[in-house]
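Take a look at the structure below.
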Amino acid sequence: MGEEDYYLELCERPVQFEKANPVNCVFFDEANKQVFAVRSGGATGVVVKGPDDRNPISFRMDDKGEVKCIKFSLENKILAVQRTSKTVDFCNFIPDNSQLEYTQECKTKNANILGFCWTSSTEIVFITDQGIEFYQVLPEKRSLKLLKSHNINVNWYMYCPESAVILLSTTVLENVLQPFYFKAGTMSKLPKFEIELPAAPKSTKLSLSERDIAMATIYGQLYVLFLRHHSRTSNSTGAEVVLYHLPREGACKKMHILKLNRTGKFALNVVDNLVVVHHQDTETSVIFDIKLRGEFDGTVTFHHPVLPARSIQPYQIPMAGPAAVTSQSPVPCKLYSSSWIVFQPDIIISASQGYLWNLQVKLQPIVNLLPDKGRLMDFLLQRKECKMVILSVCSQMLSESDRATLPVIATVFDKLNHEYKKYLDAEQSYMMAVEAGQSRSNLPLKRPTRTQAVVDQSDMYTHVLSAFAENKEMPHKFVIAVLMEYIRSLNQFQITVQHYLHELVIKTLVQHNRFYMLHQFLQYHVLSDSKPLACLLLSLESFYPPAHQLSLDMLKRLSTANDEIVEVLLSKHQVLAALRFIRGIGGHDNISARKFLDAAKQTEDNMLFYTIFRFFEQRNQRLRGNPNFTPGEHCEEHVAFFKQVFGDQALMRPTTF
């Protein structure tokens with residue numbers, strides 16, 4: 001299998017830590033994404049490493065018994081260590097604060113602490129088998145203050161740090177889940193909900209295992225993922241993942257079912273809003289995208305894997321330290337190992353090998369695995385790093401070898417411009433709100449973020465369309481059809497078409513002598529009026545004489561001031577065209593001779609200069625009875641230049657009647 005076929009990979013630079021062994025215990029903190037390696041209960045050292053930490057934190061603690069749980073508060077300010085089922089010990093890591101340990105016992109009598117979670121740099125939650133206790137830590141006083149507690153029988157718990165929600169498993173079957181939400185010193189109880197367990201014979205006691213539940217944020221919404229090994233319907237094949245949407249307000253609702261079509265051992269990750277399901281028996285993974293259209297039965301949406309199952313890309317463990325001699329080749333890593341532990345959203349840890357990886361999605365290989373271009377675009381537009389891959393798909397579908405049909409190309413353009421228009425509208429609303437003096441409320445306005453899914457006209461022009469139009473091998477009819485299709489799509493979404501796209505169409509038409517089509521496009525306003533376009537038409541006059549009139553008509557439609565039209569023409573060195581235009585509107589008696597002579601001289605075309613000079617001599621004769629220029633016209637240098645090139649005898653003589 002070539003590298004171009006794997007769509008999942010482990011990150012290049014994993015966090016390395018000392019392997020787990022009888023002396024060294026390894027812990028993982030999901031909130032800070034840190035790995036703790038605790039040697040001999042901390043007496044011979046604790047090393048803490050996280051994905052973003054360039055420098056690991058190292059310290060020692062007294063060995064006061066086996067460490068059950070160890071975590072830093074957010075920002076690494078306070079360390080909490082649980083060694084018994086009744087207490088948690090604390091130690092400040094804040095400069096100028098006492099380093100002495102202090103201890104907090106759980107308040108509920110006869111309760112056992114199952115674990116704890118930091119919800120901020122100074123707030124912590126104890127989860128016991130009889131409920132939860134929410135504390136504020138006061139580091140300077142070396143004590144804790146109970147903010148709120150709630151009594152409930154707890155089997156196990158789960159914490160989602162991104163959304164600050166703790167899920168408690170209650171009841172005998174363990175399948176009633178009670179969520180709590182934490183924010184700035186407050187604890188809110190959300191509505192509890194029940195996970196439907198698969199049907200089972202009376203003799204077997206089924207209960208909900210912590211192993212089969214995960215919590216993750218997907219497309220900005222919190223979901224509880226339940227891995228159901230046997231379906232409730234007997235005719236169904238294989239396991240499935242059931243997604244329950246857990247809103248801030250309102251009841252939890254079953255929304256999606258991901259069909260795995262196989263049985264065995266599974267593990268879940270969430271990467272770039274995709275649910276990744278690893279299957280240990282076949283050593284492969286599949287991905288699901290809940291934004292793609294599935295089969296809706298009126299209550300839930302059923303989804304199948306987006307792509308065929310594939311292994312994670314083979315990974316070589318880099319040799320490090322003095323052992324990294326050139327003769328030693330990197331060791332292939334055992335993927336899907338039974339010692340792997342996955343954490344949400346995208347973490348895979350191998351405690352036996354001493355590695356923490358982030359799982360990543362590779363988009364380029366997916367392009368060839370998803371032949372349906374419309375579905376491929378729907379998929380890519382939701383991914384974080386998608387722009388260059390989308391542009392490569394557009395180039396590919398316009399290439400000779402992989403050419404798509406026009407309806408498919410139109411679909412792709414429409415999907416891209418739908419996203420583009422959404423962004424433009426949001427940007428416009430933001431600008432209007434800013435101009436209206438912020439919003440009525442005191443909430444600060446948030447500028448819409450431009451994601452990589454916004455592929456604008458300059459992206460398409462630069463990376464796709466200009467090279468495509470210049471490709472000599474392409475049939476020009478196809479080139480024009482594609483360019484017009486893109487312009488049609490922009491118009492359909494009421495996006496103002498940039499003049500360079502119109503120019504590309506016109507240049508392509510002129511190159512292939514399709515003047516009749518050009519004339520029609522302009523006549524029926526298929527190409528929108530703009531000054532740059534009018535100038536381009538003027539420059540085509542020598543190839544196609546009607547272009548001159550088409551251009552002037554366009555400038556007039558744009559209600560461009562006449563002197564501005566003259567300026568535009570002169571700046572393009574279209575001196576005769578400017579003169580013809582000004583004569584056409586009867587303004588030639590009042591124009592500045594010097595301005596036209598300057599422009600004519602700049603063209604370095606002596607015959608053009610002669611023609612323009614003679615015109616103004618004739619005008620002078622007609623208006624004043626003398627061809628000479630008056631001192632007020634400041635044309636002395638042009639008269640001198642004329643004499644130098646054509647001689648004194650070429651000057652007009654005054655005619656007397």
### Message
If we count only N and O atoms by modelled type, under 3.5 Å, do the side chains of Y336 and T284 hold a donor and an acceptor together?
### Response
no
### Query
Would you say the side-chain atoms of R310 and Y7 include a donor-acceptor pair closer than 3.5 Å?
no
Look at the side chain of [X] and the backbone N and O of [Y], then say whether any donor-acceptor pair between them is shorter than 3.5 Å.
{"X": "N273", "Y": "Y219", "value": "yes"}
{"X": "K148", "Y": "M187", "value": "yes"}
{"X": "K71", "Y": "C117", "value": "no"}
{"X": "E485", "Y": "A410", "value": "no"}
{"X": "E295", "Y": "F302", "value": "no"}
{"X": "S285", "Y": "V276", "value": "no"}
{"X": "H279", "Y": "T263", "value": "yes"}
{"X": "N175", "Y": "L208", "value": "no"}
{"X": "D456", "Y": "D459", "value": "yes"}
{"X": "Q457", "Y": "Q498", "value": "yes"}

### Task
Mind running side chain to side chain contact (heavy atoms under 4.5 Å, CB included) on Y223 and V275 for me, showing each step along the way?
CA-CA 11 Å; Y223 286 90; V275 179; over 6 Å; no
### Working for side chain to side chain contact (heavy atoms under 4.5 Å, CB included), residues K362 and I366
CA-CA 7 Å; K362 292 168 68 180; I366 293 172; over 6 Å; no
[X] with [Y]: basic N within carboxylate O range, under 4.0 Å:
{"X": "K254", "Y": "E194", "value": "no"}
{"X": "K33", "Y": "D346", "value": "no"}
{"X": "K415", "Y": "D378", "value": "yes"}
{"X": "R488", "Y": "D414", "value": "yes"}

[X] side, atom [atom1]; [Y] side, atom [atom2] - distance, nearest 0.5 Å:
{"X": "N358", "Y": "I347", "atom1": "CG", "atom2": "CD1", "answer": "5.5 Å"}
{"X": "D281", "Y": "F266", "atom1": "CG", "atom2": "CZ", "answer": "7.5 Å"}
{"X": "Q34", "Y": "F27", "atom1": "CD", "atom2": "CZ", "answer": "14.0 Å"}
{"X": "L391", "Y": "C386", "atom1": "CG", "atom2": "SG", "answer": "9.0 Å"}
{"X": "I348", "Y": "I312", "atom1": "CD1", "atom2": "CD1", "answer": "4.5 Å"}
{"X": "E123", "Y": "S73", "atom1": "CD", "atom2": "OG", "answer": "10.5 Å"}

### Query
Of all heavy-atom pairs between F288 and H304, which one has the smallest distance, and what is that distance?
CE2-C, 3.4 Å
### Summary
For residues 368-417, the ring-ring contact (aromatic ring centres under 6.0 Å, His included) pairs (sequence neighbours left out) are F413-Y486
### Task
I would like to know whether I349 and V26 meet side chain to side chain contact (heavy atoms under 4.5 Å, CB included); could you show each step before the answer?
CA-CA 10 Å; I349 291 180; V26 176; 5.5 Å; no
### Query
Is the ring centre of F134 less than 6.0 Å from the ring centre of F182?
yes
### Query
Any idea how H303 and H256 line up, ring-wise: parallel (<30°), tilted (30 to 60°), or perpendicular (>60°)?
tilted
### Task
Look at the rings of F28 and F343 and say which category their plane angle falls in: under 30° parallel, 30 to 60° tilted, over 60° perpendicular.
tilted
### Message
Could you walk me through whether Q353 and S337 satisfy the side chain to side chain contact (heavy atoms under 4.5 Å, CB included) test, starting with their C-alpha distance in whole Å, then the side-chain angles of each, then the deciding distance to 0.1 Å, before giving a yes or no?
### Response
CA-CA 10 Å; Q353 289 173 305; S337 151; 5.6 Å; no
